[in-house]
Amino acid sequence: MYEQAKKLYANYGVDTEKAIQTLKTIPVSIHCWQGDDVIGLDGSDSLSGGIQTTGNYPGRARNFEELKADIKKAFSLMPGKKRLNLHASYAVGATVDRDKYEPKHFAPWVEFAKQLKLDGIDFNPTMFGHPMMKDGLSLSSPDEATRKFWVEHCKACIRISEYFATEFGTPTVMNIWIPDGYKDVPADRLSPRLRLKKSLDEILSVKYDKKKVIVAVESKVFGIGVESYTVGSNEFYQNYAAKNDICCLLDNGHYHPLEYVSDKIPSLLAFYDTVALHVTRGVRWDSDHVVLLEDELKEIAKEIVRNDATDKVKIALDYFDASINRLSAWVTGQRAMQKALLFALLIPHDKLKKLQDNSEFTELMVMQEEIKDLPLGIVWNEYLKREGLAESYLPEITTYEKQILKERN
Ligand code: RNT
Ligand code: ZN
């Protein structure tokens with residue numbers, strides 16, 4: 001079947017072998033926080049900051065050992081090049097507060113990631129689920145002690161990110177997202193943003209190697225309980241990033257439903273060397289549903305592949321579903337991302353671009369429809385086979401659930 005599929009694609013000038021080879025080289029950064037409903041390991045017992053995990057499926061990882069075991073199992077069912085995306089709240093055995101975290105609190109993660117032969121670790125300061133989040137504010141807080149605490153936390157995170165990059169020899173994306181905002185009509189929209197700007201300036205005053213650490217800022221339109229105003233808006237961060245030579249992170253759950261990250265990627269590629277992504281699935285709002293093979297995911301993958309941007313666009317997953325088996329959520333989302341990339345790698349982009357440039361829009365539409373029917377699934381299965389994996393992954397997860405997860409309640 002694969003040989004047949006190969007021929008069908010070859011009719012369009014597409015080399016399936018090349019697609020499979022390329023797919024293997026594109027890293028996807030997988031979030032640790034799907035495993036424990038974003039609770040972390042540093043003392044929090046609930047989630048805050050305008051994000052929410054819903055569902056009560058048994059088996060949540062309750063400590064470092066359980067989380068590692070789940071990651072190990074889930075990652076073993078994922079094809080391709082993998083990175084681990086950590087939040088600072090996953091510090092191991094820290095007796096100091098978040099403003100004083102050091103590389104050593106993450107050394108056990110490095111050891112683990114090396115065991116799994118991962119490509120590297122990405123990182124996120126955690127500005128939620130902590131008593132110093134005064135009135136839900138962090139880097140934009142009018143309370144100087146609060147603001148300073150979180151500035152120090154982010155500086156610590158830059159140092160930890162640099163440590164990861166050194167350990168793995170690949171750059172670490174350090175993404176700053178804050179939940180700061182207001183539920184109702186603010187009396188002042190500018191001052192919080194000026195304070196955020198000042199905080200970012202202070203954070204970036206840390207000496208760090210820009211080749212090792214890619215500092216990114218993640219905007220958002222609104223959060224639960226902060227519906228009226230978000231300090232870190234899209235315009236704010238894009239301008240900040242452009243002026244300060246850092247990176248923008250686009251989370252496709254963070255825009256109005258008719259704004260598309262697939263369209264934002266090429267806009268940013270016109271100006272930036274690096275664009276970071278949080279791939280999620282928003283259902284009506286930033287609901288962080290498991291990533292599935294949907295049209296927008298395919299469009300995002302197309303923009304990465306056809307613009308030769310597989311090195312420039314840093315792909316990370318960001319969702320959390322507690323209503324289904326958490327390992328299955330992980331694997332399903334990661335495989336959907338990989339499959340979308342394969343889909344994009346199997347498109348005759350040069351031919352289609354030529355049709356567009358020649359204004360042959362009838363032919364363009366027809367060909368774009370035609371290639372939708374090409375046997376992606378067969379090439380996907382061949383890829384899985386070569387990665388030592390089977391198409392079906394649920395039976396293994398169900399066994400793990402019966403043997404390991406069931407014991408956890
Ligand atoms: C929240 C942002 C943010 C978080 C993670 C846990 O809306 O998307 O990226 O989901 O940092
Ligand atoms: Zn995100």
Side-chain angles (χ1 to χ4, degrees), residues 28-42 44 46-54 61 67 83-91 98 121-130 133 136-139 150 153-154 157 160-161 172-181 214-227 229-234 236-237 247-257 259 261 264-265 275-291 296-297 300 313-322 326 329-330 333 337:
V28 174
S29 191
I30 299 142
H31 53 317
C32 71
W33 53 91
Q34 164 59 50
D36 75 332
D37 308 344
V38 211
I39 299 295
L41 301 172
D42 69 350
S44 171
S46 64
L47 187 52
S48 64
I51 50 175
Q52 204 165 48
T53 319
T54 53
L67 188 55
R83 300 175 61 80
L84 180 63
N85 204 358
L86 289 180
H87 245 282
S89 53
Y90 291 82
R98 286 185 192 168
I121 298 182
D122 296 307
F123 204 46
N124 307 260
T126 312
M127 279 149 305
F128 52 81
H130 190 280
M133 289 297 297
L137 303 173
S138 60
L139 295 178
W150 293 111
H153 175 56
C154 290
C157 287
I160 295 161
S161 299
T172 288
V173 174
M174 192 202 87
N175 174 53
I176 298 176
W177 172 74
I178 58 168
D180 301 32
I214 299 167
V215 176
V217 280
E218 178 182 12
S219 74
K220 185 164 179 173
V221 64
F222 84 95
I224 306 169
V226 280
E227 289 87 358
Y229 169 78
T230 302
V231 184
S233 65
N234 187 45
F236 175 87
Y237 277 138
C247 174
C248 287
L249 185 142
L250 310 173
D251 179 314
N252 62 309
H254 288 191
Y255 299 88
H256 289 285
E259 268 184 271
V261 160
K264 296 179 191 295
I265 293 169
V275 178
L277 295 185
H278 268 182
V279 181
T280 186
R281 181 167 53 100
V283 180
R284 300 191 183 276
W285 56 284
D286 176 41
S287 50
D288 292 297
H289 280 63
V290 177
V291 169
E296 173 58 0
L297 186 69
I300 287 173
V313 179
K314 306 294 177 192
I315 306 170
L317 305 175
D318 180 18
Y319 54 81
F320 22 98
D321 193 336
R326 292 171 184 79
W330 251 324
M337 183 72 243

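Start at 1 and go down the list; that is how both ligands and their atoms are numbered.
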Distance filter under 4.0 Å to [X] heavy atoms, resulting ligand 1 atoms:
X	value
Asp286	7 (O)
Asp251	8 (O)
His278	9 (O)
Ile51	1 (C), 7 (O)

Short N or O distance, Trp177 and ligand 1, threshold 3.5 Å exclusive: no
Nitrogen or oxygen atoms of Asp288 and ligand 1 under 3.5 Å apart: no
Nearest non-hydrogen atom to atom 9 (O) of ligand 1 belongs to which of Gln52, Glu218, Lys220, His87?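 Comparing heavy atoms across Gln52, Glu218, Lys220, His87, the nearest one to atom 9 (O) of ligand 1 lies in Glu218.
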Determine, using heavy atoms of His254 and all atoms of ligand 1, whether some pair is separated by less than 4.0 Å.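 Judged by the 4.0 Å heavy-atom criterion, His254 does count as contacting ligand 1.
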Is Phe320 close enough to touch ligand 1? Criterion: a residue heavy atom under 4.0 Å from a ligand atom. yes
Where is the nearest protein heavy atom to atom 10 (O) of ligand 1: which residue, which atom, and how far?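 Here the nearest protein heavy atom works out to Asp318 OD2, 2.8 Å.
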Is there a side chain to side chain contact (heavy atoms under 4.5 Å, CB included) between His31 and Trp330 once you walk through the steps? CA-CA 9 Å; His31 53 317; Trp330 251 324; 4.0 Å; yes
Indicate, with yes or no, if the rings of Trp177 and His87 have centres closer together than 6.0 Å. no
Using a 4.0 Å heavy-atom cut-off, say whether Thr280 meets ligand 1 through its side chain, its backbone, both or neither.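 For Thr280, no heavy atom sits under 4.0 Å from ligand 1.
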Not counting sequence neighbours, which residues clear salt bridge (Lys or Arg N to Asp or Glu O under 4.0 Å) with Asp180? List them please. none
Partners of Asp286 by salt bridge (Lys or Arg N to Asp or Glu O under 4.0 Å), sequence neighbours excluded? Lys220
Distance-only donor-acceptor check, side chains Thr280 and Asp288, under 3.5 Å: yes
Nearest-0.5 Å distance that lies between atom CD1 in Ile214 and atom CG in Asn175: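 Between Ile214 CD1 and Asn175 CG, I get 11.5 Å after rounding to 0.5 Å.
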Please give me the protein atoms (N, O or S only) lying under 2.8 Å from the Zn ion (ligand 2), ordered by chain and number.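 Counting only protein N, O or S atoms under 2.8 Å from the Zn ion (ligand 2), the list reads Glu218 OE2, Asp251 OD2, His278 ND1, Asp318 OD2.
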With side chain to side chain contact (heavy atoms under 4.5 Å, CB included) as the criterion, how do Phe236 and Thr230 come out once you've worked through the C-alpha distance, each side chain's angles and the decisive distance to 0.1 Å? CA-CA 10 Å; Phe236 175 87; Thr230 302; over 6 Å; no
If I compare all heavy atoms of Met133 with all of Ser138, which pair ends up nearest, and what's the gap? SD-CB, 3.7 Å
Applying side chain to side chain contact (heavy atoms under 4.5 Å, CB included) to Tyr237 and Glu218, what does each step give before you reach the verdict? CA-CA 7 Å; Tyr237 277 138; Glu218 178 182 12; 5.7 Å; no
What residues form a side chain to side chain contact (heavy atoms under 4.5 Å, CB included) with Glu296, not counting sequence neighbours? Tyr260, Val261, Ser262, Glu299, Ile300
Using the side chain to side chain contact (heavy atoms under 4.5 Å, CB included) definition, which of the options Val173, Leu249, Asn85 pairs with Asn124?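 Single pass found, and it is Asn85.
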